[in-house]
Number of protein chains: 4
Amino acid sequence: MPEAPTRWRRRKEARPNEIVAAALDSFVERGYAATRLEDVARRAGVTKGTLYLYFPNKAELFKAVVRAVLSPRLADMAGAMATLSASAFLERLVITVRDVAATPVGGLPKLILAESGNFPEIARFYYEEVVERGLNLIKGVLRRGVASGEFRPVDVDYVCYCVVGPMLLGVLWQRTMEPYAAAPLDYDRLCRTHLDILLAGLRPTEAAP
Amino acid sequence: MPEAPTRWRRRKEARPNEIVAAALDSFVERGYAATRLEDVARRAGVTKGTLYLYFPNKAELFKAVVRAVLSPRLADMAGAMATLSASAFLERLVITVRDVAATPVGGLPKLILAESGNFPEIARFYYEEVVERGLNLIKGVLRRGVASGEFRPVDVDYVCYCVVGPMLLGVLWQRTMEPYAAAPLDYDRLCRTHLDILLAGLRPTEAAP
Amino acid sequence: MPEAPTRWRRRKEARPNEIVAAALDSFVERGYAATRLEDVARRAGVTKGTLYLYFPNKAELFKAVVRAVLSPRLADMAGAMATLSASAFLERLVITVRDVAATPVGGLPKLILAESGNFPEIARFYYEEVVERGLNLIKGVLRRGVASGEFRPVDVDYVCYCVVGPMLLGVLWQRTMEPYAAAPLDYDRLCRTHLDILLAGLRPTEAAP
Amino acid sequence: MPEAPTRWRRRKEARPNEIVAAALDSFVERGYAATRLEDVARRAGVTKGTLYLYFPNKAELFKAVVRAVLSPRLADMAGAMATLSASAFLERLVITVRDVAATPVGGLPKLILAESGNFPEIARFYYEEVVERGLNLIKGVLRRGVASGEFRPVDVDYVCYCVVGPMLLGVLWQRTMEPYAAAPLDYDRLCRTHLDILLAGLRPTEAAP
DNA sequence: AATGAATGAGGGTTCATTCAT
DNA sequence: TATGAATGAACCCTCATTCAT
């Protein structure tokens, strides 16, 4: 009866998380359609049948992965940043994205982009849980910055895309174009440059009193 | 047993293009894996077997679609812009992307992102044909702008991502998040805002003589 | 309008033969199922459609090939051998088979063996046209030899199989086992040895007056 | 939607053998190309998908059939015959072949002949496992017989084909020409006649001291 | 709770056959 | 007469899903 010695007998509460983790890796690696449940199962150390004890089908597993991965990330982000100045917030935001980008979670945007057509439900979920909230957060900060004179008056509802765009590009780049580029992407440098241009672009003009 | 009388009507030269067009629509709509050749065929007004007269298999059809769509677009872009000032170039670039975004071709970036893992060949092809060329074009212009004093000194190699990022975001947004957002994306406004921030961010500072 | 200069415009009477010849080669090379009509057509210098002007379908083409190839061979064989002594006949027979074995026609036995299950009609045809006639010829000669005292009394109806067996084996060997054997089959030596054993086995015993 | 209640009954160890047996029958009946895996599956009492649990594809199933059928037969044959006199060995050999001919295994030679072109691997395998070993066995015995004076001096390397030829013909005949012949082949009589001629042909001549 | 053998629908691919030109 | 583009049925193979154990 002695199982593997290094890892105590896993309780059934642990299983779903292990499966979700394995599934995240697989989905991010190969995409939804190309991911075989057999592989997910093997990676999770169980068999195919076991997956169905916890998730009714592949699509639901996929959704569970997205939900499980995203949900915790967002709550604290808003709170943690409420106290910062607008510029400092943007810096912090960029840094945070940079750090997440290196984890498997960094593969989610690409995955959701790819599957948004076939999983409208997921796309909506992602929109509501991440995109909308994130954009509103940014818009709020930008508005605050404009109101306080830290930033010049701008079209806040669209500047937020300019904030996000280069960061998204970076996240996607690492998982698509990176292997073919002459040099690897220096994400740090991307962040610095992005902030440089962005903050310069938002800075109030001399003439504007 | 009389068949449909309208069999076998068109000419050989037209078919490949019709098939590629149908395939582009299907691939863009559903992704590579979820696209059934039967559907492509039906959309092209032929049967499955006919596809194999022109393309040896699904993967090659996919590549042919990407090639067919991209190749012509690229040559002229470089030339047409050589004469513009740096700022005018960036404006023109943004406008061009905006216009392409509305066509089926605008679905390609998403498609290639999604399939880059399963089609490294395609990803490399896209990198070399589009991404690298495009980025070099932008870098060249930025360098020109910096040299002429139109722009302040910046890290050109990474600013290019800041130029592209928001536009890419716009293209992807239209085909993923658009249906769930409260308001549709005003691409024009995105372009104006992007240029506003970007050009302001690049403008030489007063103190720098 | 000048066609290939080395070969005058082929008339429609030539076509069927050319097709049959091409088909024989293909069928013998790859078997019935693995032979694609496209290949036959190309080999015959025509297109697939043309085949259907002369043969209603693949199966009929196959039968036509077998018929065309076998029919002329048999008539003369009987006549040409009527005058020989029994032993001389057997020698001649063996030599003839050896010569045919080197031509594409030598591939027919294998082909017909392989397809006898799927083409009962062909098998029957081959049986009646070749096998039965051939065996009867041999039986006749053996009977003649026994009657004349050239051979000892034997079970003629089954000795004929002993006459044919080694030759058949040789024909099949060349197209199946030959590539894997250490040394190529010396068909001449096979013939000599076969005749040596066979004729010795048929020779009247000393004691039998 | 209640399915047949008798699903999923047998044990894992039995399946491969059942499938191989079913496949042997199908392949022998119709040939490789004309055999549909669906039929094999039905005959084995399973579905198509199940075949792929045990064999990666049709070609491997085919090879497995050949291997499974041949391998056990060969080991004992050599040993069992080592003690017999040369003549007795030949008799025993002929009898053995006659007995095997009546089983489905008797269909293998024809099958391998037919598919040797498309499955060189199989042909080589059959050559090395069966043909070469068998021929060497026979050659050894013949040599022994010649050395001991039981047989007259002959070209042993080719006499072996004369030993095998009529037996092979018999095996093939039963599965190809039999239905069309006036009388069924009396394999026993074929064996007796073959041995009669062969042994007489090998017997030392009076004059040879 | 977990297994894994078995299923069967679905899609890619081939190729004999047809028929407008 | 000859073409060759087009068809569509057939088959191999995959894999999400089921369920007896």
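Protein chains get the first letters and strands the later ones, always in sequence-line order, with residue 1 at the start of each.
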Cation-pi geometry met for Arg15(B) and Tyr54(B) (6.0 Å, 45°): no
Pi-cation contact, Phe27(C) with Lys58(C) (under 6.0 Å, within 45°): no
Nucleotide pairing, DNA chain F (Watson-Crick or G-U, distances under 3.5 Å), in dot-bracket with [ ] and |: .||||||||||||||||||||
Interface with DNA chain E, restricted to residues 22-29 of chain D and to heavy atoms under 4.0 Å: none
Pair Phe119(C) and Tyr32(C), ring centroids less than 6.0 Å apart: yes
Candidate nucleotides dA16(E), dC13(F), dA16(F), ranked by approach to the side chain of Leu37(A) - the nearest: dA16(F)
Listed nucleotide nearest any side-chain atom of Lys58(B), set dT13(E), dA16(E), dA16(F): dT13(E)
Rounded distance in Å - [atom1] ([X]) to [atom2] ([N]):
X	N	atom1	atom2	answer
Phe55(D)	dA5(E)	CZ	P	14 Å
Asn57(A)	dC15(F)	CG	C1'	14 Å
Arg36(C)	dA16(E)	CZ	C1'	12 Å
Arg15(A)	dT3(E)	CZ	C1'	11 Å
Glu60(A)	dT17(F)	CD	C1'	15 Å
Arg42(C)	dG4(F)	CZ	P	12 Å

Considering all heavy atoms, the nearest Thr47(C)-Ala41(C) contact: C-CB, 3.6 Å
Considering all heavy atoms, the nearest Ile19(D)-Val40(D) contact: O-CG1, 4.2 Å
Touch class at under 4.0 angstrom, heavy-atom based, for Leu53(C) against every strand present: base
Any Tyr54(A) side-chain nitrogen or oxygen under 4.0 Å from OP1 or OP2 of dA2(E): yes
Phosphate OP1/OP2 of dT3(F): any Thr47(C) side-chain N/O under 4.0 Å: yes
Side chain Lys48(C) and base dT17(E) donor-acceptor under 3.5 Å: yes
Backbone N/O of Gly31(C) and side chain of Thr35(C): donor-acceptor pair under 3.5 Å: yes
Backbone N/O of Pro120(A) and side chain of Tyr180(B): donor-acceptor pair under 3.5 Å: yes
DNA chain E: 5'-proximal contact among Thr50(A) and Val46(D) (nearest heavy atom): Thr50(A)
Closest-nucleotide ordering on DNA chain E, the 5'-leading residue of Tyr32(B) and Gly49(A): Gly49(A)
Lys/Arg-Asp/Glu bridge criterion (N-O < 4.0 Å) met for Glu60(C), Lys63(C): yes
Glu29(C) and its salt bridge (Lys or Arg N to Asp or Glu O under 4.0 Å) partner, picked from Arg175(C), Arg43(C), Lys110(C): Arg43(C)
